[in-house]
Amino acid sequence: MTATRHLQAIATMLGAVAAFAGMDALLKLFSQHYPPLEVAALRGLGAMPFMLVPVLISGRYRDLRPRRFGMHLLRAALMLFILYSFVYAVRVLSLADAYSIFLVAPLIVTALSVLVFGEHIEWRRWLAISVGLIGVLTMLRPSASSLLTLGAVAAFAAAIAYAGSAIALRVVAQAETTVSVVFWMVALMTVLSSLAAAPDWVPIERAHWGLIAAIGLFATIGQHLMTEAFRSVPPSVVAPFEYTALPWGMGIDWIFWGVTPGSRVFVGGGIVIASGLYLAWREHRFGGAHLGPASGEETIAHP
């Protein structure tokens with residue numbers, strides 16, 4: 001029975017990652033037409049109806065009541081920075097490049113857990129974190145064909161901010177319902193991004209409204225599936241399958257933009273993924289410090 005539940009959770013996680021990959025592909029498309037802050041606002045606006053309708057139908061209004069509004073506001077500000085940085089990254093990089101760098105986030109959260117919560121991490125995990133960061137540096141290093149890597153830096157900055165959001169989530173989740181955490185983060189992020197984008201707002205083309213709805217639908221489906229995956233089994237069982245985002249990114253890049261990843265993506269991304277998989281294996285075998293986004297944050301947010 002346990003094996004069947006694990007397989008179901010893994011299949012659910014694979015579906016969630018696929019949905020988020022579809023959403024990110026649309027965000028990349030939108031980034032060619034609208035500024036990053038406006039894309040962040042549209043991502044939130046697209047998701048709001050799909051978030052609110054189930055609550056309204058079920059009558060679970062009390063679940064939306066915030067108890068730690070300041071923490072919600074902090075996470076919304078972090079999510080705004082994450083989306084701005086990530087949208088900029090996918091605007092100038094391929095999805096595979098951006099994913100390869102952003103997937104270092106679980107390693108960063110593991111390290112931050114020591115500083116913020118005093119969690120003990122033995123030397124093997126520190127070594128895995130260090131090796132993973134070397135993988136990121138491999139991808140950040142300028143090459144002869146790309147002397148400026150602002151997109152790579154933006155993806156790395158998004159990963160750092162995402163790690164901070166994961167730490168904040170562990171604090172706010174102690175007093176809030178999942179519905180409240182999701183709603184207020186997305187709602188406040190949408191308001192903040194809309195205000196910031198207002199001075200340079202580009203009118204929405206009529207043909208794009210359907211795509212905005214698709215972004216919201218992909219985000220909601222991915223959020224629901226990922227929440228179910230982490231709810232039904234220990235995080236270490238499904239966390240490694242978040243890395244299937246990278247082949248999705250490679251496939252989308254090749255099909256829609258005719259872009260194939262360079263050698264640095266294979267080398268650096270491989271190092272990051274190997275480090276993350278090692279941490280997941282240590283968590284599954286020995287327990288201990290959580291893996292960061294995989295242990296809760298990914299059930300709440302995705303750039």
Side-chain angles (χ1 to χ4, degrees), residues 2-3 5-7 9-10 13-14 16-17 82 96-141 152-153 155-171 173-174 226 229-247 249 263-302:
T2 300
R5 186 167 66 249
H6 284 191
L7 288 175
I10 289 170
M13 170 59 76
L14 293 174
V17 174
I82 293 164
D97 287 346
Y99 279 161
S100 297
I101 298 171
F102 188 79
L103 287 174
V104 77
L107 308 181
I108 299 175
V109 177
T110 303
L112 286 180
S113 295
V114 176
L115 300 176
V116 178
F117 300 109
E119 294 181 354
H120 172 71
I121 300 179
E122 39 87 31
W123 67 270
R124 293 179 182 84
R125 286 177 176 167
W126 279 119
L127 181 61
I129 293 170
S130 301
V131 171
L133 292 178
I134 291 174
V136 173
L137 291 176
T138 300
M139 291 180 283
L140 288 174
R141 180 177 59 83
V153 173
F156 189 45
I160 295 174
Y162 193 67
S165 180
I167 297 298
L169 171 66
R170 293 185 60 182
V171 176
Q174 297 175 5
M226 198 163 275
F230 282 116
R231 219 172 244 165
S232 56
V233 297
S236 58
V237 174
V238 292
F241 294 92
E242 292 183 62
Y243 292 106
T244 57
L246 188 54
S263 59
R264 284 187 298 145
V265 173
F266 285 109
V267 175
I271 293 173
V272 170
I273 291 174
S275 301
L277 291 177
Y278 175 76
L279 284 178
W281 175 76
R282 294 287 299 182
E283 174 74 9
H284 179 67
R285 184 171 180 181
F286 300 108
H290 290 300
L291 294 176
S295 63
E297 175 64 6
E298 282 286 2
T299 70
I300 302 301
H302 183 86

Contacts of L277 that satisfy side-chain contact (heavy atoms from CB on, under 4.5 Å) - sequence neighbours left out: P240, Y243, I273
Taking every non-hydrogen atom, the tightest pair across A128 and Y278: CB-CD2, 3.6 Å
Heavy-atom pair of closest approach, residues I82 and S165: CD1-CB, 4.2 Å
L133 side, atom CG; F156 side, atom CZ - distance, nearest 0.5 Å: 6.0 Å
Heavy-atom pair with the smallest gap, counting every atom of A9 and A229: O-CB, 3.7 Å
Smallest separation among heavy atoms of A98 and A155, with atom names: O-CB, 4.2 Å
Contact summary for G132 and V272, nearest pair of heavy atoms: O-CG2, 3.5 Å
Approximate separation, where rounding is to 0.5 Å, of L246 CG and D97 CG: 9.0 Å
Separation of F102 CZ from I108 CD1 (nearest 0.5 Å): 9.0 Å
Closest non-hydrogen atom pair, Y162 against A105: CD2-CB, 3.8 Å
Residues forming a side-chain contact (heavy atoms from CB on, under 4.5 Å) with A16, sequence neighbours excluded: L225, M226
